[in-house]
Undergrad: 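Supplied in structure tokens, the structure appears directly below.
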Amino acid sequence: MGKAGIAVVRLSGPSAAAVAALLTGSDVLRDRVARLRQLHHPDDGRHLDSGLVLAFPGPASFTGEDVVEFHVHGGRAVVEAVLDAVHATGQARAAEAGEFTRRAFDAGKLDLTAVEGLADLIDAETEAQRQQALGQYGGALGELYASWRERLIGLLAHLEAGIDFVEEADVPAAVTAAVRPQIAELMEEMAQHLDDGRRGEILRSGLSIAIIGPPNAGKSSVLNWLAGRDAAIVATTAGTTRDVIEVRLDLGGYPVILSDTAGLRPDSAADDIEIEGMRRARDAAAAADMRLYVIDGVQFDTLGLPGPDEYELLLVNKSDLDEWTLPGNAIEEVTYGVSARTGAGFGGVLQAISQYVEKMAPERVTPVLTRTRHREAIQGALAALEQGQTAEEIELAAEDLRRASLVLGRVVGAVDVEDLLDVIFHDFCIGK
Ligand SMILES: Nc1nc2c(ncn2[C@@H]2O[C@H](COP(=O)(O)OP(=O)(O)OP(=O)(O)O)[C@@H](O)[C@H]2O)c(=O)[nH]1
Ligand SMILES: [Mg+2]
């Protein structure tokens with residue numbers, strides 16, 4: 001809900017045309033032509049607005065049902081009045097969150113991965129996110145999983161045919177021997193699909209980068225410089241930042257969540273609030289995909305430098321000051337002299353972040369999986385197939401294949417997923 005030039009009120013279901021007729025006084029469902037119509041309240045005939053009325057007769061509509069859209073002016077009172085008039089017909093109610101998409105799913109218009117792709121498309125903030133979501137909405141991921149499932153079901157049919165001949169000594173063994181190499185091939189494809197550096201998941205939810213280091217090193221200043229605004233308080237007092245401050249950025253199409261944290265120093269030098277802040281800082285550092293360790297290039301404690309496994313990039317800040325130097329024991333490849341005051345050196349830092357992303361999430365053939373739900377399912381299917389490969393009895397091997405195909409069926413929503421649906425559709429807004 002908000003103010004806009006145009007608002008679209010959508011109706012879906014068998015009464016859509018009847019409701020539209022009551023508001024417009026005309027039959028709108030005949031074709032897919034947009035027509036300018038005056039909308040009136042069905043109770044007292046009062047004029048509500050003029051707007052376009054556009055009908056999509058089922059089944060060739062988004063939901064598969066008859067759909068009518070009113071394109072009215074986007075003022076709050078206009079939308080309220082039109083919704084009120086729609087309710088007054090007694091033939092319609094407000095949709096629940098995600099209900100249009102859920103009906104589309106029920107009508108077989110979209111599989112579950114496409115539904116998720118649509119939700120991601122609506123949430124997409126960067127260009128790379130948009131491309132990935134659009135691919136998934138278009139069915140790329142769903143088609144891959146469906147094709148694996150089809151192959152599995154084909155192989156399963158072979159095994160089951162073999163089971164019919166368990167009485168004959170060599171038939172079952174021959175069937176299993178014929179099927180196993182094909183299962184191995186499928187397993188190889190699944191393993192490759194899983195070995196993607198979590199690219200799709202990172203792109204969907206954002207790469208998390210924690211800025212850590214001693215107090216007063218300029219961590220908040222680095223965050224502000226990268227964010228291009230004064231998101232965090234900067235002050236000469238050591239221990240300024242206590243809470244973790246998060247900023248979302250678009251780095252070359254990749255969504256990045258930067259968090260500024262409290263400076264780390266011995267507990268004895270800090271009060272209770274700062275100690276809690278440092279605990280949060282350590283948690284943020286542990287949970288991050290990447291860590292930027294910031295030190296002050298004028299005052300640093302060489303002995304106090306963290307081990308190279310505690311950060312991905314070392315930023316030696318305040319290079320604008322004369323007394324600035326790089327610590328002698330810094331590892332050259334990951335060390336960057338910067339000034340959060342002048343912006344010097346940040347070009348190299350941004351490049352290093354991009355390279356790091358490329359390294360941890362190499363670009364491979366699409367489609368990539370984008371959610372933990374997908375990863376767990378493919379891992380589950382793979383585990384079932386592995387077990388099937390070593391099963392002695394043909395019946396047991398068949399059972400493992402059946403399990404794997406069931407798991408794949410659940411990812412795309414082809415088999416019993418009632419429990420999953422509420423979770424997935426809950427992410428949607430009303431009216432989608
Ligand atoms: N000359 C110079 N001063 C800087 C630079 N970056 C930060 N400062 C100063 O260093 C002081 C500390 O900066 P902050 O960004 O608050 O440091 P911090 O690491 O977030 O500090 P805490 O939140 O207390 O841990 C401030 O007075 C900044 O103005 C820089 O590149 N050059
Ligand atoms: Mg700070």
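First listed ligand is number 1; within each ligand, the first listed atom is number 1.
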Undergrad: Do Gln351 and Gln355 have side-chain atoms, one donor and one acceptor, less than 3.5 Å apart?
TA: no

Undergrad: Where the Mg ion (ligand 2) is the corner point, what angle links OG of Ser220 with OG1 of Thr241, to 10°?
TA: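 Answer comes to 90°, rounded to 10°.
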
Undergrad: Taking atom types as modelled, is there a side-chain donor on Glu127 or Gln131 under 3.5 Å from an acceptor on the other?
TA: yes

Undergrad: List the closest protein heavy-atom neighbour of atom 9 (C) of ligand 1: residue, atom name, distance to the nearest 0.1 Å.
TA: Lys318 NZ, 3.9 Å

Undergrad: I want to know if ligand 1 touches Val234 in the polar sense, i.e. an N/O pair below 3.5 angstrom.
TA: no

Undergrad: Which of the atoms of ligand 1 are close to Ser339, meaning less than 4.0 Å from one of its heavy atoms?
TA: 31 (O)

Undergrad: Quick check on side-chain hydrogen bond (donor to acceptor under 3.5 Å, both in side chains): which of Gln132, Arg204, Gln129 does Asp120 satisfy it with?
TA: Arg204

Undergrad: Which one holds for Ala238 and ligand 1: side chain close, backbone close, both close, or neither close, with close meaning a heavy atom under 4.0 Å?
TA: backbone

Undergrad: Looking at Glu69, Glu99, Arg103, Glu65, which hits side-chain hydrogen bond (donor to acceptor under 3.5 Å, both in side chains) with Ser12?
TA: Glu65

Undergrad: Does Thr261 offer a backbone N or O that forms a donor-acceptor pair with the side chain of Thr241 under 3.5 Å?
TA: no

Undergrad: What protein heavy atom lies closest to atom 12 (C) of ligand 1? Include the residue and the distance to one decimal.
TA: Asn216 OD1, 2.9 Å

Undergrad: In terms of side-chain geometry, is the basic nitrogen of Arg280 or Asp283 positioned less than 4.0 Å from the acidic oxygen of its partner?
TA: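 Judged by the 4.0 Å cut-off on N to carboxylate O distance, Arg280 and Asp283 do not form a salt bridge.
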
Undergrad: Give the atom numbers and elements of ligand 1 that come within less than 4.0 Å of a heavy atom of Pro215.
TA: 25 (O)

Undergrad: Please list the nearest protein heavy atom to atom 29 (O) of ligand 1 with its residue and the distance rounded to 0.1 Å.
TA: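 Minimum-distance protein heavy atom for atom 29 (O) of ligand 1 reads Arg341 NH2, 3.1 Å.
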
Undergrad: Could you pull out the closest heavy-atom pair between Phe100 and Ala95, with the gap in Å?
TA: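 Smallest interatomic distance, heavy atoms only, reads CE1-CB, 3.6 Å.
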
Undergrad: Write out the residue and atom name of the closest protein heavy atom to atom 6 (N) of ligand 1, then the distance separating them to 0.1 Å.
TA: Asn317 ND2, 3.0 Å

Undergrad: With a 4.0 Å cut-off, would you call Asp296 and Lys318 a salt bridge?
TA: yes

Undergrad: Does any N or O of ligand 1 fall below 3.5 Å from an N or O anywhere on Gly239, backbone included?
TA: yes

Undergrad: Considering non-hydrogen atoms of the protein only, which is the closest contact for atom 31 (O) of ligand 1, and what is the distance?
TA: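 Looking only at protein heavy atoms, the one closest to atom 31 (O) of ligand 1 is Ala340 N, 2.9 Å.
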
Undergrad: Is the closest basic N to carboxylate O distance between Glu116 and Arg373 below 4.0 Å?
TA: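 Looking at Arg373 together with Glu116, the answer is yes, because their closest N to O distance falls below 4.0 Å.
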
Undergrad: For the residue pair Tyr293 and Tyr311, categorise the inter-ring angle as parallel (less than 30°), tilted (30 to 60°) or perpendicular (more than 60°).
TA: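 Judged by the thresholds at 30° and 60°, the geometry between Tyr293 and Tyr311 is tilted.
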
Undergrad: For the pair Gln136 (side chain) and Ala114 (backbone), establish whether a donor and an acceptor sit closer than 3.5 Å, ignoring hydrogens and angles.
TA: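 Checking the backbone N and O of Ala114 against the side chain of Gln136, no donor-acceptor pair under 3.5 Å is found.
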
Undergrad: Nearest protein heavy-atom contact for atom 1 (N) of ligand 1: which residue, which atom, what distance?
TA: Asp320 OD2, 2.9 Å

Undergrad: Measure the distance from atom 7 (C) of ligand 1 to every protein heavy atom, then report the residue, atom name and distance (to 0.1 Å) of the closest one.
TA: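 In this structure, atom 7 (C) of ligand 1 has Ser221 OG, 3.2 Å as its nearest protein heavy atom.
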
Undergrad: Heavy-atom distances under 4.0 Å are what count here, so tell me which part of Ala235 touches ligand 1: side chain, backbone, both or neither.
TA: backbone

Undergrad: Between Arg279 and Glu276, is the closest basic N to carboxylate O distance under 4.0 Å?
TA: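 Yes, Glu276 and Arg279 are salt-bridged.
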
Undergrad: Counting heavy atoms only, name the option from Leu315, Thr261, Thr241 that's nearest to atom 23 (O) of ligand 1.
TA: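 Looking at heavy atoms only, the winner is Thr241.
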
Undergrad: How does Leu321 reach ligand 1, by side chain, by backbone, by both or by neither, if only non-hydrogen atoms under 4.0 Å count?
TA: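 For Leu321, the contact with ligand 1 is made by the side chain alone.
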
Undergrad: Quick test: of every protein heavy atom, which one is nearest to atom 27 (O) of ligand 1, and how far off is it to 0.1 Å?
TA: Thr236 CG2, 3.2 Å

Undergrad: With a 4.0 Å cut-off on heavy atoms, is Thr237 in contact with ligand 1?
TA: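 Distance cut 4.0 Å: Thr237 passes for ligand 1.
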
Undergrad: Out of Ser220, Gly263, Ala262, who is nearest to atom 20 (O) of ligand 1 when you count heavy atoms only?
TA: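 The nearest heavy atom belongs to Ser220.
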
